[in-house]
Amino acid sequence: MRHLMNPLDFTVEELDSLFDLANDIEKNPAKYAHACEGKKLATCFYEPSTHTRLSFESAMLSLGGQVLGFSDAGSSSASKGESVSDTIRVISCFADICAMRHPKEGAPMVAAEKSSIPVINAGDGGHQHPTQTLTDLLTIRSLKGQLGNFTVGLCGDLKFGRTVHSLINALVRYPNIHFIFISPPELRVPDYITDMLQERNISYEEVIRLEDCISKLDLLYMTRVQRERFFNEEDYVRLKDFYILNKAKMELAKDNMLILHPLPRVNEISVEVDDDPRAVYFKQVQYGVYVRMALILTLLGITCE
Ligand code: NCD
């Protein structure tokens with residue numbers, strides 16, 4: 001039995017097969033419409049989400065399966081003091097696969113150790129968000145035709161943004177990637193990530209102003225400032241509008257640069273950019289459903305010929 005805790009749990013070759021499957025699902029949805037009949041997905045969300053949870057549910061429903069779950073810790077037995085290890089043992093009796101989001105780093109991993117069904121980490125604190133990374137990689141591969149040879153800008157809250165940490169982790173396995181980290185000094189990417197890049201001899205630079213580097217980028221990954229992980233509101237208010245991507249800045253960018261965003265967006269991308277063909281963050285949401293469908297099939301060992 002396999003779980004997904006970290007994008008690195010799949011080899012590059014396994015990811016390629018997963019993305020091929022997702023692209024086939026996109027082209028031939030009818031072929032997969034009954035693939036998970038009789039199967040149930042539990043979504044155990046101890047932290048708010050609309051996007052990721054509904055993406056999982058939509059994916060399972062599109063495969064003909066069913067869904068159950070809870071969407072906040074207050075309505076689960078966690079509020080009575082139940083541990084995630086016990087909760088997953090119970091959920092294992094109710095469902096065939098589980099997507100779990102938790103504010104504590106490592107909680108889905110603790111659950112996976114006691115689980116008799118596959119567990120998918122749907123975001124653990126500021127740590128990892130592997131299915132968002134699968135979404136990001138599928139979007140890039142589908143729209144750019146490749147996953148290497150890019151200058152990638154990651155902009156915003158690089159300290160607390162788990163989508164950023166997961167994506168960097170995953171991209172280092174592809175050839176010729178140069179990272180530009182664009183953040184205020186307070187929200188720099190954590191040292192463990194820059195240490196890892198140095199150890200692997202992967203080139204990166206850190207800059208404060210988006211205008212100074214946007215013209216070099218093939219991909220721009222925008223993120224919101226993660227309010228819920230700040231220790232005080234004052235710092236959040238000071239930093240929340242540090243970056244606003246607007247039409248004027250987009251004029252400096254390459255014609256084929258793609259703008260990605262895991263969503264939710266707050267103010268960091270002005271709505272005037274949404275009609276720019278380079279803005280692909282809503283297409284990305286659709287790819288998220290295809291890749292979660294592919295993931296559910298893969299972890300359940302279901303093939304459709
Ligand atoms: C992200 C998350 O939850 O980390 N959202 C998502 O899953 N699409 C990004 C965010 O909340 O900023």
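Since the model is a prediction, treat every value here as computed from it, not as a measurement. Excluded from the calculations below are hydrogen atoms, water molecules and symmetry mates; all remaining heavy atoms, backbone and side chain alike, are included. Counting starts at 1 for both ligands and their atoms, following the listed order.
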Are any of the N/O atoms on T163, whether in the backbone or the side chain, positioned under 3.5 angstrom from an N/O atom of ligand 1? no
Atoms of ligand 1 close to R101 [distance to a heavy atom under 4.0 angstrom, numbered from 1]: 3 (O), 7 (O)
Give a yes/no verdict on a cation-pi contact between R101 and F45, requiring under 6.0 Å between NZ or CZ and the six-membered ring centre and an angle within 45° of the axis. no
For atom 9 (C) of ligand 1, the closest protein heavy atom turns out to be L263 O, 3.6 Å
Parallel, tilted or perpendicular: which one describes the rings of F230 and Y236, with boundaries at 30° and 60°? perpendicular
With the threshold set at under 4.0 angstrom, would you say E47 reaches ligand 1 through any of its heavy atoms? no
For atom 4 (O) of ligand 1, closest protein heavy-atom neighbour: R162 NE, 2.8 Å
Derivation of the side-chain contact (heavy atoms from CB on, under 4.5 Å) call for V84 and Y46: CA-CA 10 Å; V84 285; Y46 295 85; 3.9 Å; yes
Please walk me through it: do F150 and Y174 pass ring-ring contact (aromatic ring centres under 6.0 Å, His included)? CA-CA 9 Å; F150 294 125; Y174 296 95; 9.3 Å; no
Ligand-residue contact atoms, ligand 1 with R224, heavy atoms, under 4.0 Å: 10 (C), 11 (O), 12 (O)
Heavy atom of P262 under 4.0 Å from ligand 1? yes
Given H129, H165, E228, Q132, which has its nearest heavy atom closest to atom 7 (O) of ligand 1? H129
Please tabulate, one pair per line, all N/O donor-acceptor pairs under 3.5 Å involving side-chain atoms of residues 59-71, not counting sequence neighbours.
residue	atom	partner	partner atom	Å
S62	OG	S58	O	2.9

Spatial distance of atom CG (D9) from atom CD (E14) [nearest 0.5 Å]: 9.5 Å
Enclosure of H34 NE2 (heavy-atom neighbours >12, cutoff 6.0 Å): no
Contact between T52 and ligand 1, counting heavy atoms under 4.0 Å? yes
